[in-house]
Engineer: 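Pasting a structure here, questions to come.
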Amino acid sequence: MGYGKFFYEDFFRENAGKLVRVEMTDGDVLEGKLDSHISALDNEPDPESILIENVATIELYTHEIHRIEVLE
């Protein structure tokens with residue numbers, strides 16, 4: 001999803017535990033299991049983020065995500 005206002009909390013609720021592919025604004029592409037959503041209020045001083053599990057757990061700030069899609 002790379003258009004308009006995207007609600008990651010809703011996306012997480014609907015797709016938790018599923019395999020996702022994330023394209024970042026810098027061109028990096030990551031795949032892993034959607035593990036968690038952290039709101040900006042709970043992540044202070046950092047922004048809203050999601051966590052995906054691959055070999056390790058990776059935190060991705062949502063403002064750096066260009067596109068995200070469910071693979072399974």
Side-chain angles (χ1 to χ4, degrees):
M1 306 288 162
Y3 51 88
K5 176 73 173 143
F6 189 76
F7 296 97
Y8 286 93
E9 184 175 2
D10 294 339
F11 181 82
F12 174 75
R13 221 177 287 128
E14 294 171 10
N15 298 291
K18 293 182 180 176
L19 185 62
V20 294
R21 180 178 188 270
V22 183
E23 182 181 331
M24 306 302 290
T25 56
D26 65 1
D28 284 350
V29 177
L30 305 158
E31 290 184 5
K33 184 179 84 170
L34 186 58
D35 180 67
S36 301
H37 168 266
I38 306 171
S39 71
L41 291 175
D42 291 335
N43 210 21
E44 286 187 54
D46 294 321
E48 176 185 38
S49 65
I50 61 169
L51 279 72
I52 61 169
E53 285 184 17
N54 197 319
V55 174
T57 300
I58 304 165
E59 182 175 17
L60 305 173
Y61 296 133
T62 58
H63 71 275
E64 296 176 347
I65 296 173
H66 174 69
R67 181 178 178 82
I68 186 169
E69 64 181 303
V70 177
L71 298 178
E72 61 174 51

Engineer: Quick one: salt bridge (charged side-chain N to carboxylate O under 4.0 Å, His left out) pairs with a partner in residues 7-17, sequence neighbours left out?
Structural biologist: Glu9-Arg13, Asp10-Arg13
Engineer: Is Ile65 linked to Phe12 within one hydrophobic cluster, defined over Ile, Leu, Val, Met, Phe, Trp and Tyr using a side-chain heavy-atom separation of less than 4.5 Å?
Structural biologist: yes
Engineer: Which residues end up grouped with Leu19 if you chain together Ile, Leu, Val, Met, Phe, Trp and Tyr wherever their side-chain heavy atoms are less than 4.5 Å apart?
Structural biologist: Leu71
Engineer: Should Met24 and Val29 be marked as a side chain to side chain contact (heavy atoms under 4.5 Å, CB included) after you check the CA-CA gap, both sets of side-chain angles, and the distance that decides it?
Structural biologist: CA-CA 6 Å; Met24 306 302 290; Val29 177; over 6 Å; no
Engineer: Could you list the residues that satisfy salt bridge (charged side-chain N to carboxylate O under 4.0 Å, His left out) with Asp42, not counting sequence neighbours?
Structural biologist: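 Result, salt bridge (charged side-chain N to carboxylate O under 4.0 Å, His left out) vs Asp42: none returned.
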Engineer: Quick one: side chains of residues 49-58, donor-acceptor pairs under 3.5 Å with protein atoms, not counting sequence neighbours, listed by atom name and distance.
Structural biologist:
unit_1	atom_1	unit_2	atom_2	d
Ser49	OG	Asn43	ND2	3.3
Ser49	OG	Glu59	OE2	2.8
Asn54	ND2	Glu31	O	2.5

Engineer: Is it the case that the side chains of Glu48 and His63 hold a donor-acceptor pair, with the cut-off being a distance below 3.5 Å and no angle test?
Structural biologist: no
Engineer: Please report the interatomic distance CD1(Ile38) to OH(Tyr61), rounded to the nearest 0.5 Å.
Structural biologist: 9.0 Å
Engineer: Could you report the tightest heavy-atom contact between Tyr8 and Ile68, atom names first, then the distance?
Structural biologist: CE2-CG2, 4.3 Å
Engineer: Considering residues at least two apart in sequence or located in another chain, which fulfil the side-chain contact (heavy atoms from CB on, under 4.5 Å) criterion with Asn15?
Structural biologist: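 By the side-chain contact (heavy atoms from CB on, under 4.5 Å) rule, Asn15 matches Phe11, Lys18, Leu34, Val70.
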